[in-house]
Structures are given as structure tokens and as C-alpha cells.
Novice: 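Handing you a structure now.
Residue numbering restarts at 1 for every chain, and letters A, B, ... go by the order of the sequence lines.
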Protein chains: 2
Amino acid sequence: MQDLTIGRLAKTAGSDVETIRYYERRGLVPEPPRGRNGYRLYPASAVARLRFIQRAKTLGFSLAEIADLLRLQDANADRGEVRAMTRQKQADLDQRIADLQRMRAVLADLEERCTGHGPAQSCPIIEALNQHASPEVAE
Amino acid sequence: MQDLTIGRLAKTAGSDVETIRYYERRGLVPEPPRGRNGYRLYPASAVARLRFIQRAKTLGFSLAEIADLLRLQDANADRGEVRAMTRQKQADLDQRIADLQRMRAVLADLEERCTGHGPAQSCPIIEALNQHASPEVAE
DNA sequence: GTTGACCCTGTAGTCTACTCCGGGATTATG
DNA sequence: CATAATCCCGGAGTAGACTACAGGGTCAAC
């Protein structure tokens with residue numbers, strides 16, 4: 001397969017020229033060789049690299065974490081390290097899910113108590129928001 | 001009750017001086033009267049206002065949305081509008097929870113397939129990220 | 001009365017992941 | 001050959017919610 005210009009790489013991988021240059025600055029995509037005109041010339045493997053980044057993003061990894069994963073891959077490190085990152089990310093997600101579910105439950109409860117019409121200032125939701133939120137903040 | 005300087009308000013409400021001034025710029029906290037020295041002098045009700053903001057934040061509302069909620073309260077609008085915002089926020093949360101749960105499920109599946117030790121380049125997790133088709137997400 | 005805590009304004013920096021812009025060189029298309 | 005598309009670089013702007021100065025005035029405690 002021929003080398004790809006950044007534009008063709010972007011199109012092939014479903015990414016964007018500016019995004020690829022940004023990933024290069026961030027160290028996620030290695031600097032490719034340049035043609036005589038100074039254009040970046042990517043090997044076909046760059047497509048896989050971008051797809052890796054995209055998929056890791058859909059799994060909740062940050063670019064910094066993806067850079068770590070790519071380093072583990074490039075260094076062919078022990079898969080235990082990869083598994084550890086996966087476990088950590090699951091724990092992060094569990095925490096965030098639990099937080100969101102708690103919020104959601106409170107909102108559902110408040111909504112249930114607010115029926116019909118009437119002034120907002122006697123709306124149970126507004127009233128709840130005006131209660132003392134922090135049971136422990138002293139003074 | 002005496003008026004509060006911004007520092008005492010911050011302490012009482014469990015907030016921060018800079019944060020309160022920021023909320024003022026954002027229109028969440030009304031500009032209070034000033035003393036002869038130019039100091040902000042807050043009525044006791046400002047504490048409730050800050051607590052409202054804090055509590056709404058813990059329920060997932062953005063500052064822009066909280067500003068809307070406060071406007072509904074201040075204008076004593078119909079509680080139907082408050083309920084609508086609460087419903088919308090629940091829908092947002094449901095969407096985010098679903099996204100996170102999907103990510104979490106994929107990670108759990110991948111982790112299960114990666115056992116013991118060995119080179120990362122043959123790690124099922126890394127391999128999945130390198131697949132042409134996404135591990136669980138449609139193309 | 002002097003030190004240190006507190007207050008003022010306005011601006012700038014932080015984090016994440018881009019996205020856009022200007023100005024200029026090169027290549028592809030008709 | 002003219003024009004459009006693409007490429008280069010460096011830097012600035014975006015959103016959200018703060019957080020941190022700089023530089024200067026004021027107030028409370030010892």
C-alpha cells in the first residue's frame with residue numbers, strides 16, 4: 001500500500017487533518033517521514049493507530065491514558081499492565097455511574113413530589129434546593 | 001442578623017471568595033450593596049442562594065441551568081417549568097448512565113479475556129483495540 | 001502602630017480535546 | 001495555465017467552572 005498524505009489518512013480513518021496533527025503534538029501518533037515537499041507521508045499502519053485511539057475513546061479512556069496504552073503496546077510490555085489500566089477504568093466508570101444514578105434518583109423523587117401547577121416558590125423541587133444541603137458544614 | 005462580608009459568607013456557606021465573585025459575574029448571585037469602603041455586604045439570604053447552587057450542582061445541573069432555575073424562582077414562575085427542567089436533566093443523566101454502562105460492559109468483557117501474563121501485543125484487550133471493526137460498537 | 005488578614009479590580013491561567021485562522025507553498029484539476 | 005484543493009506552521013479560540021495572581025486599599029489584633 002502506498003504512503004498516505006495527512007488528508008487521505010484522515011479520510012480513510014474517519015478522522016480529521018487537524019486532529020491528527022494534534023495527536024502528533026500529543027505524542028499519540030508518531031511523527032511520520034516527510035516527502036521532498038515537506039508533506040507528512042504516513043504508512044498504512046497509521047490507520048490502525050487512529051482506529052485504536054478512536055475505539056479507546058469510546059471506552060472512556062482519555063488521550064493521556066490512550067498514550068499510556070499505546071506505549072505499552074509499542075514497548076510490548078506485560079499484558080498485566082494493560083489489564084490493570086482496564087480495571088482502573090472500570091472502577092472509574094463504576095464510580096461515575098453510581099454518582100449519576102444517585103443524582104437521577106433524587107431528581108426522580110423530587111419530580112414525583114411536584115405536581116400540577118402553581119408558583120415556583122412553593123414548588124417542592126425549589127424548596128428542596130433551598131434546604132440545608134450540607135448536613136455537616138459548621139459555623 | 002448582620003450583613004456578611006464576602007469572606008464570612010464564603011465560610012458560612014462552605015464556598016470560596018473567588019467562587020462567589022465568579023458567580024456574581026455569571027449572574028447567579030445578585031450584586032450586593034457595598035459598604036463605605038467598597039466591600040460587598042451580603043444579606044443572610046445570600047447563604048441560602050449559595051446552598052441552592054451547591055445542591056443543584058450535586059444533582060448535575062450546570063451553572064447555566066442553575067441560573068435558569070434561580071430565575072424561575074426569582075420570577076416565581078410556574079412550577080411546571082421547574083418540573084420540565086428536572087425531567088430534562090433526568091433524561092440527560094439516563095443517557096450518560098447508559099453510555100457509561102455500555103463502556104463498562106465492554107471493558108469487563110475484554111478484561112475477562114485477558115488473563116495471566118505475556119506480551120501486550122498478544123493481549124486480547126490490545127488486540128480488540130486494534131481490530132478493524134469496533135469491539136462492540138457498530139461501525 | 002505595625003503587622004497580617006481581608007477586601008477590591010481586572011486579567012490570566014488551568015484542564016480536555018479539539019477547532020479555527022492567517023499566511024504562504026505545493027499539487028491536482030479542468 | 002489558472003484555479004481550487006491540499007499541505008505546511010504557529011498560534012489563538014472554544015466550553016465549563018473555577019483558580020491564581022498583581023497591585024493596591026482597608027481593617028482587626030496585639
Novice: Is any side-chain heavy atom of P32(A) closer than 4.5 Å to one of L41(A)?
Specialist: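 SC-SC contact between L41(A) and P32(A) ruled out.
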Novice: Does the side chain of F52(B) reach to within under 4.5 Å of the side chain of Q73(B), using non-hydrogen atoms?
Specialist: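 The answer is yes; the side chains approach within 4.5 Å.
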Novice: How many Å lie between NZ on K11(B) and C1' on dC6(C), as a whole number?
Specialist: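 Rounded to whole Å, this separation is 12 Å.
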Novice: Can you tell me if D99(B) and Q95(B) form a side-chain donor-acceptor pair at under 3.5 Å?
Specialist: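 Their side chains do contain a donor-acceptor pair, which is all the 3.5 Å distance test asks for.
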Novice: Are R71(B) and D74(B) close enough for a salt bridge, meaning some N to O gap below 4.0 Å?
Specialist: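 The answer is no: the pair does not qualify as a salt bridge.
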Novice: Figure out the CD1/P separation between I6(B) and dC27(D), and round it to whole Å.
Specialist: 16 Å
Novice: If a protein heavy atom is under 4.0 Å from the base, mark B; if only from the sugar-phosphate, S; if neither, -; do that for nucleotides 17-30 of chain C going 5' to 3'.
Specialist: BBBBB----BS---
Novice: Between L28(B) (CG) and dA17(D) (P), how many Å, whole number?
Specialist: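 Going from CG in L28(B) over to P in dA17(D) covers 9 Å.
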Novice: Whether K89(A) and E65(A) form a salt bridge (side-chain N of Lys/Arg under 4.0 Å from carboxylate O of Asp/Glu) is what I want to check.
Specialist: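 A salt bridge is present here (some side-chain N lies under 4.0 Å from a carboxylate O).
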Novice: Count the heavy atoms belonging to other residues, nucleotides or ligands that lie under 6.0 Å from CZ of R8(A), then report whether that count exceeds 12.
Specialist: no
Novice: Near DNA chain C, counting only heavy atoms under 4.0 Å, which residues of residues 88-99 of chain B show up?
Specialist: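 Residues of residues 88-99 of chain B under 4.0 Å from DNA chain C: none.
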Novice: Check step by step if salt bridge (charged side-chain N to carboxylate O under 4.0 Å, His left out) holds for E111(A) and R83(B).
Specialist: CA-CA 6 Å; E111(A) 193 208 313; R83(B) 204 165 51 238; 5.5 Å; no
Novice: Just checking, is any N or O donor in the side chain of S122(B) or R79(A) under 3.5 Å from an acceptor N or O on the other one?
Specialist: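 A donor-acceptor contact under 3.5 Å links the two side chains.
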Novice: Can you check the R34(B) CZ to dT9(C) C1' distance for me, whole Å?
Specialist: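 Those two atoms, CZ and C1', are 9 Å apart.
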Novice: So, is R40(A) near the phosphate of dC8(D), with a side-chain N or O under 4.0 Å from OP1 or OP2?
Specialist: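 Answer yes for this pair, as a side-chain N or O of R40(A) is under 4.0 Å from OP1 or OP2.
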Novice: I20(A) has an atom CD1; how far is it from atom P of dC9(D), in whole Å?
Specialist: 13 Å
Novice: Is R96(B) salt-bridged to D92(B), going by a charged N under 4.0 Å from an acidic O?
Specialist: no
Novice: Check the distance between dC27(D)'s C1' and D3(B)'s CG and give it to me in whole angstrom.
Specialist: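 D3(B) atom CG is separated from dC27(D) atom C1' by 17 Å.
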Novice: Could you tell me, to 10°, how much the axis swings from one end of the helix from dG1(C)-dC30(D) to dG30(C)-dC1(D) to the other, five pairs per end?
Specialist: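 Taking five pairs per end, the axes differ by 10°.
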Novice: Can you tell whether the side chains of R40(B) and E24(B) come within less than 4.0 Å, N to carboxylate O?
Specialist: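 Salt bridge: yes.
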Novice: In whole Å, what is the span from the CD atom of E24(B) to the P atom of dC18(D)?
Specialist: 15 Å
Novice: Taking side chain as C-beta onward, heavy atoms only, is I53(A) less than 4.5 Å from L70(A)?
Specialist: yes
Novice: Roughly how many Å is it from CD in E31(A) to P in dC7(D), rounded to a whole number?
Specialist: 17 Å
